[in-house]
Asker: 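The structure under discussion is supplied below as structure tokens; questions concerning it will follow.
By convention in this document, chain letters (A, B, ...) are assigned in the order of the sequence lines, proteins followed by strands, and residues within each chain are numbered from 1.
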Amino acid sequence: MSGLDRSRPPTVVGDPVFTFPRIERHTLANGLQVRTVEHMTVPVVTMVLDVEGGSLADPHGREGLAALTADMVDEGVGELSTIDISDAMARIGADYSADVGSDTTRFTLTTLTRFADRGASLLADLLMRPSMRHSDFDRVRQLRLDRLQQLKDSPAGVAERAFLRLMYAEHPYGHLSIGTAAALGSVTLEEVVAFHVATFQPAHSTLVVVGPLSHEGLLGIAQKAFSGWSGFAPLVHTPASVVPHSPPRLAIVPRPGAAQSQLRIGHLSATRNTPDYRALLVMNAVLGGQFVSRINLKLREEKGYTYGARTGFDWHRGLSPFSLETSVHTAATADAIADCLTEFGAISGPKPPTSDELAMAKASLTKGYPRAFETAEQVARSVGQLALYGLPDSYFEDFIPGVNAIGQEDVVDVAARYVDPSRAVTLIVGDYQAIEASLAPLGLGAPQILPVE
Amino acid sequence: MDSLALSYTKRTLANGLDVIVHEDHHIPIVAVNIWYHVGSKNERPGRTGFAHLFEHLMFEGSQHHDSGYFPPLQAAGGQVNGSTSTDRTNYWEVVPTNALELALWMESDRMGYLLPALTQTRFENQRDVVLNERRQNYENRPYGLALVALTEALFPEGHPYNWLTIGSSQDIQAMRLEDVQAFFRTYYHPANASLALAGNIDTGRAFDLAGQYFGDLAPGPVPSPVSASASLDRDVRLVFEDRVEMPRLYMAWLTPAMFAEHDAELDLVSDLLANGKTSRLYRTLVYEQRLALDVSAHQSSRELGSFFLLVATAAPGRSLVDIAAIIDIALQELRDSGPSESEMERSRAQVEAHFMYRLQTVGGFGGKSDQLNSYNVLRGDPGYFSADLARYRDATIETVGAAARQYLAFDRRVTLSVVPRGQERLALPGSRPVVVS
């Protein structure tokens, strides 16, 4: 074959039709919210169960309690041991995980459809009747303390911890879910049991079940497993509001001899439920949210300073940070920071998004959107997000037209209100001695030197 | 029993390009996936890291699209990536159905017309990016250089698995644009590639489009296969000092190549030794005796020969010597008695479920298009999915025990202790210090 004219790319016309998943809502007698989605592909079912109370619910001085509790629920049920539970999961080929977020704790279980009832019943057992034995508690707590110790090895881990602290100071959003060594060291099993009883309440939990069954069939799985979950008047975690404080402009965790500097540059910015959410997504896509964004193209494709650089929001129900994350060659540290701060300011000032950039940002957010609904687990997690943030069931359908309605002035407006280089905190985990002299011209003042926590 | 199969149709174009099509109409997307049968195994000492650096250059532009590959595909709603291993290099897009032709136009353009767009500036930029990738993922990451030390000891000098795919910084810095041009001509052409299309597309139309975009590309000579052998005749003990808090033990054995006899059995051995809390070593090392913080095992299956890797991190104050002793007891038990029937049942259940989970996505790393290409390139049979599963179904207590006996020997392995700087004494006795960077 020959004669193909390669000189012009094929045109891409129209958008394929896609029907977003329909969500059905149910409430069990015990108050458990259940959402079901029919997903008719392979015989695989995913369940996502969100329990109110993530690391935000950690009492002061007990940072890490929520995560330790989540870790303890699969350490045995009744007479069954940790090993028995793990064995039972393995025999249905289940993928099980517990993720402690800031606002909720999320349990996810994926298994073959023919084992769905068994999987749901196992998950329910863990949540309702964990053994909470002293011997398991000692081991699990020690493993978490040791993991904290290991975190000190990882520049990215060190940066993540230090940056949260710089953003939130003492507010409970200011610690990783794993907590601190001092707090973990003083937590008792009794506190874990009390936290579990108070927090793991059906009336304050949401279960999403997705798989190749009818809504009735999916609801039936939930009912059989979770109807026996009894609760009492639920405890409501009222989050403390984020108190404004004045972090330093520049902070450094010294890592002598490091080949690269881990950078975090940002500030507290917006909440997930802001009406500006879609405009912020578009703004972020132009500025730094994807490969073709300004900051990655500058730092990676133009200058070769890094393997990659991304900006984004670390969303919570409360005030959330907007920040850049990257790791750059030590010698390029100061220049990379200057470039980033310049771009933070330029998008609402001298360099508003061009029509090409705007079109690209919107297209990459919308045209690939159906791809996020391929597997049962993807769908279950997405529906879980709607529940977490109290978003309407029409959210998926509204998303594309909503993003497409964003104009250049909207992007400039949200950039001006939510991204401010003069407020941004720059955190470096790197070789201080090697970069010290280069930092002064940035005009960020004397750096605060932070220890590896 | 739910059916476990991956259907496909395969044709080979006149220029030697294999084309494989799989229909899945659940979502209006199509996965485009190309494997080139070239990886770091095709490099030579002094030029390690080359295949991977080359992969980066494939995203920088080609004759008819003389700029970055991400913008047009992302503007069409596509997802784009690629990766390099010892054995192969893959490139993929997952695009909305209406952008399939755009993806094919671009993939075919860089297969046929890469070199006219390749400039010194682009080359030097991506060389810097790759050096930063190495710093980020290896040099500045705890235990990040352990595998460099391990592969150097497992495979003799000159063996193509003696170095990691990322290569050495010195070699990356020494590369020249001329090297890239020669490499492209040798390995990047239809006869050394396999194209898989999976998703919302009709099979007939998929073949028509593949022919239209790839059919006129010139075939090249099929590269001669790489052959190499490795053997160990003792327990090679090494110690590497790293910026880490906890000592960690790596144990590695040379094992049969991917798909060879006992490869699947050794994969099952890795599960029963160290996958999940029920596994033998997690149970003794982490749960009962609390000597270790974690333990993992993996049969790293490769084309020319595999290796089996066991890794355990010491709990604070615990010794690698005690961990090694427990591992040796577990290995001896497995060699003597094999797995129990109950362990075999559990493993089979997990394998069946995970083969099913692999059928959930059409594209990306590990999606159906990637699997079809993997089986086609490394096995010569895109339909090997079911036969692959059968390897695991057919494994028995006897064959698993035999694999452990034959390959996981105490006197033919590499044992690497990674210890905190200045604490060489925490290594296994008799370990020789190694320096890697």
Asker: Checking Glu60(B) against chain A: side chain, backbone, both or neither under 4.5 Å from a heavy atom?
Answerer: side chain

Asker: Relative to chain A, which of Ile29(B), Val244(B), Leu13(B) shows the most heavy atom pairs under 4.5 Å?
Answerer: Val244(B)

Asker: Please flag which part of Val17(A) lies under 4.5 Å from any non-hydrogen atom of chain B: side chain, backbone, both or neither.
Answerer: backbone

Asker: Heavy-atom distance under 4.5 Å to chain B: side chain of Thr366(A), backbone, both or neither?
Answerer: neither

Asker: Using modelled atom types and a 3.5 Å cut-off, is there a donor and acceptor pairing between side-chain atoms of Asn98(B) and backbone atoms of Gly14(A)?
Answerer: yes

Asker: Let me know if Thr19(A) has heavy atoms under 4.5 Å from chain B in its side chain, its backbone, both or neither.
Answerer: neither

Asker: Quick one: does Asn125(B)'s side chain have a donor or acceptor within less than 3.5 Å of a partner on Glu301(A)'s backbone?
Answerer: yes

Asker: For the CZ atom on Arg294(A), are there more than 12 heavy atoms of other groups (residues, nucleotides or ligands in this structure) within a distance under 6.0 Å?
Answerer: yes

Asker: Using a cut-off of under 4.5 Å for heavy-atom pairs, which of Ser347(B), Gly68(B), Pro71(B) has the most such pairs with chain A?
Answerer: Pro71(B)

Asker: Given heavy-atom pairs under 4.5 angstrom as the criterion, report whether the side chain, backbone, both or neither of Asp15(A) touches chain B.
Answerer: both

Asker: For the atom pair OG1 (Thr11(A)) and CH2 (Trp105(B)), what is the distance rounded to the nearest 0.5 Å?
Answerer: 11.5 Å

Asker: Which bit of Glu75(A) comes within less than 4.5 Å of chain B, counting heavy atoms only: side chain, backbone, both or neither?
Answerer: side chain

Asker: Pick one of side chain, backbone, both or neither for His56(B), based on which atoms fall under 4.5 Å of a heavy atom in chain A.
Answerer: side chain

Asker: Using non-hydrogen atoms and a 4.5 Å limit, figure out which bit of Asp431(A) sits close to chain B: side chain, backbone, both or neither.
Answerer: neither

Asker: Does some side-chain heavy atom of Arg255(A) sit less than 4.5 Å from a side-chain heavy atom of Asn140(B)?
Answerer: yes

Asker: Rounded to the nearest 0.5 Å, what separates atom CD in Gln262(A) from atom CD in Gln136(B)?
Answerer: 6.5 Å

Asker: Against chain B, label Ala94(A) side chain, backbone, both or neither, depending on which of its atoms sit under 4.5 Å from a heavy atom there.
Answerer: backbone

Asker: Considering only heavy atoms, which portion of Leu143(A) lies under 4.5 Å from any heavy atom of chain B: side chain, backbone, both, or neither?
Answerer: side chain

Asker: Less than 4.5 Å apart, any side-chain heavy atom of Asn137(B) and any of Tyr307(A)?
Answerer: yes

Asker: How many angstroms lie between CG in Leu217(B) and CG in Leu4(A), if you round to the nearest 0.5 Å?
Answerer: 9.0 Å

Asker: Below 4.5 Å, heavy-atom pairs only: which of Ala361(A), Ala363(A), Ser86(A), Ala258(A) has the largest tally toward chain B?
Answerer: Ser86(A)

Asker: Quick check on the interface: out of Thr278(B), Asp271(B), Thr313(B), Asn15(B), who has the most heavy-atom pairs with chain A under 4.5 Å?
Answerer: Thr278(B)

Asker: Can you tell me how far the CE atom of Met89(A) sits from the CD atom of Gln350(B), to the nearest 0.5 Å?
Answerer: 12.0 Å

Asker: For residues Gln126(B) and Arg300(A), report the shortest heavy-atom separation together with the two atoms involved.
Answerer: OE1-NH2, 3.6 Å

Asker: For the residue pair Arg290(B) / Gln142(A), report whether a side-chain donor-acceptor contact shorter than 3.5 Å exists.
Answerer: no

Asker: Report which part of Arg358(B) has an atom under 4.5 Å of a heavy atom belonging to chain A: side chain, backbone, both, or neither.
Answerer: neither

Asker: With the side chain counted from C-beta on, respond yes when Val362(B) and Glu374(A) share a heavy-atom pair under 4.5 Å apart, and no when they do not.
Answerer: yes

Asker: So for Lys303(A), is it side chain, backbone, both, or neither that comes closer than 4.5 Å to the heavy atoms of chain B?
Answerer: backbone

Asker: Can you confirm whether Pro316(B) sits close enough to Gln149(A) that some side-chain heavy atom of one is under 4.5 Å from a side-chain heavy atom of the other?
Answerer: no

Asker: Find the one option among Gly257(A), Ala259(A), Ala90(A) whose heavy-atom pairs under 4.5 Å with chain B are most numerous.
Answerer: Ala90(A)

Asker: For the pair Phe291(A) and Phe70(B), name the ring-plane relationship: parallel under 30°, tilted 30 to 60°, perpendicular over 60°.
Answerer: parallel

Asker: Rounded to the nearest 0.5 Å, how far apart are OG1 of Thr41(A) and CD of Gln360(B)?
Answerer: 6.5 Å

Asker: Counting only non-hydrogen atoms closer than 4.5 Å, does Val80(B) touch chain A with its backbone (N, CA, C, O), its side chain (CB onward), both, or neither?
Answerer: neither

Asker: Check whether Ser342(B) gets within reach of chain A through its side chain, its backbone, both or neither, counting any heavy atom under 4.5 Å.
Answerer: both

Asker: Glu101(B) versus chain A, heavy atoms under 4.5 Å apart: side chain, backbone, both or neither?
Answerer: both

Asker: Search all heavy atoms of Pro16(A) against all heavy atoms of Thr97(B) and return the closest pair with its distance.
Answerer: CG-N, 4.0 Å

Asker: Quick check for you: to the nearest 0.5 Å, what is the distance between Ser154(A) atom OG and Arg243(B) atom CZ?
Answerer: 12.0 Å

Asker: For the pair His329(A) (side chain) and Asn132(B) (backbone), establish whether a donor and an acceptor sit closer than 3.5 Å, ignoring hydrogens and angles.
Answerer: no

Asker: Kindly indicate whether the side chain of Ser81(A), heavy atoms from C-beta on, has any atom under 4.5 Å from the side chain of Tyr287(B).
Answerer: yes

Asker: Exactly one of Asp136(A), Asp74(A), Asp87(A) should register a salt bridge (charged side-chain N to carboxylate O under 4.0 Å, His left out) with Lys277(B). Which one does?
Answerer: Asp74(A)

Asker: Quick check for you: among Gly308(A), Pro155(A), Ala359(A), Ala332(A), which has the greatest number of heavy-atom pairs under 4.5 Å with chain B?
Answerer: Pro155(A)

Asker: Among Ile92(A), Asp95(A), Val328(A), which has the most heavy-atom pairs under 4.5 Å with chain B?
Answerer: Asp95(A)

Asker: Do Gln150(A) and Glu245(B) have side-chain N/O donor and acceptor atoms under 3.5 Å apart?
Answerer: no

Asker: Check whether Arg371(A) reaches the backbone of Pro96(B) with its side chain - one donor and one acceptor, N or O, closer than 3.5 Å.
Answerer: no

Asker: If you count every heavy atom of other residues, nucleotides or ligands that lies below 6.0 Å from Glu160(A) atom CD, does the total exceed 12?
Answerer: no

Asker: Would you check if there is a donor-acceptor pair between the side chains of Ser108(B) and Arg6(A) at a distance under 3.5 Å?
Answerer: yes

Asker: Tell me which one of Thr375(A), Leu112(A), Val42(A) satisfies side-chain contact (heavy atoms from CB on, under 4.5 Å) with Tyr357(B).
Answerer: Leu112(A)

Asker: Check whether any side-chain heavy atom of Pro43(A) sits under 4.5 Å from a side-chain heavy atom of Met356(B), and report yes or no.
Answerer: yes

Asker: Specify which of Gln63(B), Glu345(B), Arg348(B), Arg283(B) makes the most heavy-atom pairs with chain A at under 4.5 Å.
Answerer: Arg283(B)

Asker: Walk me through it: do Leu293(B) and Arg147(A) pass the test side-chain contact (heavy atoms from CB on, under 4.5 Å)?
Answerer: CA-CA 8 Å; Leu293(B) 301 181; Arg147(A) 210 171 303 150; over 6 Å; no

Asker: Specify the closest pair of heavy atoms between Gly304(A) and Val129(B), including all atoms of both residues, with the distance to one decimal.
Answerer: CA-CG2, 4.0 Å

Asker: Relative to chain A, which of Gln79(B), Arg127(B), Arg122(B) shows the most heavy atom pairs under 4.5 Å?
Answerer: Gln79(B)

Asker: What closest approach, in Å, do His354(B) and Gly93(A) show between heavy atoms, and which atom pair accounts for it?
Answerer: CE1-O, 4.3 Å

